[in-house]
Every structure is written in C-alpha cells, then in structure tokens.
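Side-chain atoms are counted along with the backbone in the values below, which use heavy atoms only and exclude waters and symmetry mates. Note that the coordinates shown come from a computational prediction; the quantities given were computed from them, not determined experimentally.
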Amino acid sequence: QVHVVESGGGSVQSGDSLRLSCVASGRTFAMAWFRHPPGDSREFVAAITWGGDETFYKYSLEGRFTISRDNAENTMVFLQMNDLIPEDTATYYCAADSNLVYSGRHYYISENSYDYWGQGTQVTVSS
C-alpha cells in the first residue's frame, strides 16, 4: 500500500514563490503533480520519472515550475513554483505510479497512469 501526503500550500501574492512537498511511502516509480483550479477540471502540472532523469511539464508552466525528487528513504517529490499568478490558484495533488513503466510524455501526463493520490494542498494566489 502506498500513502501520499502533500504539504506546503498557502496563500501568497502575485510574484511570490512556493515549494510544495510530497512524501510517498511504499513502492513508487513515476511521480506527478496535478492541480484542480476552482470551477475547472483537474489538469496535469509536472511529472518526474523514477530516477529523476526525465521531467515533463504542462507547456505553459515551463520556466516557472520545477519538479524534483529525492529517493533516499521514502520518495519525496517537490514542486518549486516561482512568479505565481492568480491563475495558479488551485488544489494541488501529488500522484504516484506503483508500476515501473518506460514510456513517453503521453503516459506521464495522464491521470490514469497514477494509482495513488494525496488529499491535496491548497494554493491561493492573490493579485
């Protein structure tokens, strides 16, 4: 069984930065962040492969958001978010893939590739 817990959300001003953290216990491979903006559907944000050698981003977020991971003990995944804007306001979810899969971008950006999810952490950006 895999448990996923996010932290680091909060209320910030436009232009501020936040770093989200995620701890996943159990056997996990690819990890990802998704977000659910108010009044909209959940969307892919960023993903990272098991070894951390490949990362994938929602194209519009590249350059502002950075995903990283530390596999030393439990799996820890981070999302560094810079130059935040009100449109980044959302509940952010960490997701874990318990299956070792070597694939392309289409796999890592799909919600269906991840079988364990955290409860979410709220990020609110005001102008």
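Pairs engaging residues 111-122 under the salt bridge (charged side-chain N to carboxylate O under 4.0 Å, His left out) rule: Arg42-Glu111 [sequence neighbours left out]. Each salt bridge (charged side-chain N to carboxylate O under 4.0 Å, His left out) pair with one or both residues in residues 86-102, not counting sequence neighbours, appears once here: Arg35-Asp88, Arg64-Asp88.
Annotation: side chain to side chain donor-acceptor pair (under 3.5 Å) contacts of Thr121 (sequence neighbours excluded): none. Under the side chain to side chain donor-acceptor pair (under 3.5 Å) criterion, Thr89 pairs with no residue, sequence neighbours left out. When the side-chain contact (heavy atoms from CB on, under 4.5 Å) test is applied to Ser127, the partners found at least two apart in sequence or on another chain are Ser14, Pro86. Tyr102 is linked by a side-chain contact (heavy atoms from CB on, under 4.5 Å) to Leu100, counting only residues two or more places apart in sequence or in another chain. For the ring-ring contact (aromatic ring centres under 6.0 Å, His included) test, no residue two or more places apart in sequence or in another chain qualifies with Phe78. Applying the side chain to side chain donor-acceptor pair (under 3.5 Å) criterion to Ser113, with sequence neighbours excluded, gives no partner residue. With sequence neighbours excluded, no residue forms a side chain to side chain donor-acceptor pair (under 3.5 Å) with Asp83.
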Please list every donor-acceptor pair under 3.5 Å in which a side-chain atom of residues 18-27 meets a protein atom from a residue at least two apart or in another chain.
none

Determine all donor-acceptor pairs shorter than 3.5 Å in which one atom belongs to a side chain in residues 2-12; sequence neighbours excluded.
| unit_1 | atom_1 | unit_2 | atom_2 | d |
| --- | --- | --- | --- | --- |
| Glu6 | OE1 | Gln119 | N | 3.1 |
| Glu6 | OE1 | Gly120 | N | 2.9 |
| Glu6 | OE2 | Cys94 | N | 2.9 |
| Glu6 | OE2 | Gly120 | N | 3.2 |

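Using a 4.5 Å heavy-atom cutoff, the side chains of Thr66 and Tyr57 are in contact. Between Val77 and Leu79, every side-chain heavy-atom pair lies at or beyond the 4.5 Å cut-off. Considering only heavy atoms from C-beta on, Gln80 stays 4.5 Å or farther from Ser68 through its side chain.
A distance-only check finds a donor-acceptor pair linking the side chain of His36 to the backbone of Asp40 [under 3.5 Å].
Under the 4.5 angstrom side-chain criterion for Ile, Leu, Val, Met, Phe, Trp and Tyr, the cluster partners of Tyr107 are Phe34, Phe44, Phe56, Tyr93, Val101, Tyr108, Ile109, Tyr114, Trp117.
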